[in-house]
Amino acid sequence: MSEKLNLDKSTTHWHIKKLREDDIIFSEVKGKFTKYFVNPSVEPELLKWLKI
């Protein structure tokens, strides 16, 4: 994700940490990979905010 967004890894980590703390995203570990998902309870509001 850091490479795709052209951000430093520490910056990406900080933002993911904040999104998890605010229950906007959650994660699941699958082997050596971590997958991140939008919390379904906030998705409609998030989509309105992003205007998608």
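Atoms considered below: every heavy atom in the structure, side chains included; atoms not considered: hydrogens, waters and symmetry mates.
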_Validation row: Glu43, Asn39 side chains within 4.5 angstrom (heavy atoms)_ = no
_In this structure, would Leu5 and Phe33 fall into the same cluster of hydrophobic residues linked by side-chain contacts under 4.5 Å?_
no
May I have the list of side-chain donor-acceptor pairs in residues 15-30 shorter than 3.5 Å, sequence neighbours left out?
from  : atom 1 : to    : atom 2 : distance (Å)
Arg20 : NH2    : Ser27 : OG     : 3.4

*asked:* Test of understanding: with side chain to side chain donor-acceptor pair (under 3.5 Å), list the residues that count as partners of Thr12, not counting sequence neighbours.
replied: Ser2
*With sequence neighbours excluded, residues passing side chain to side chain donor-acceptor pair (under 3.5 Å) with Thr34*: none
*Does atom CZ of Phe37 have more than 12 heavy-atom neighbours, drawn from other residues, nucleotides or ligands, at distances under 6.0 Å?*
yes
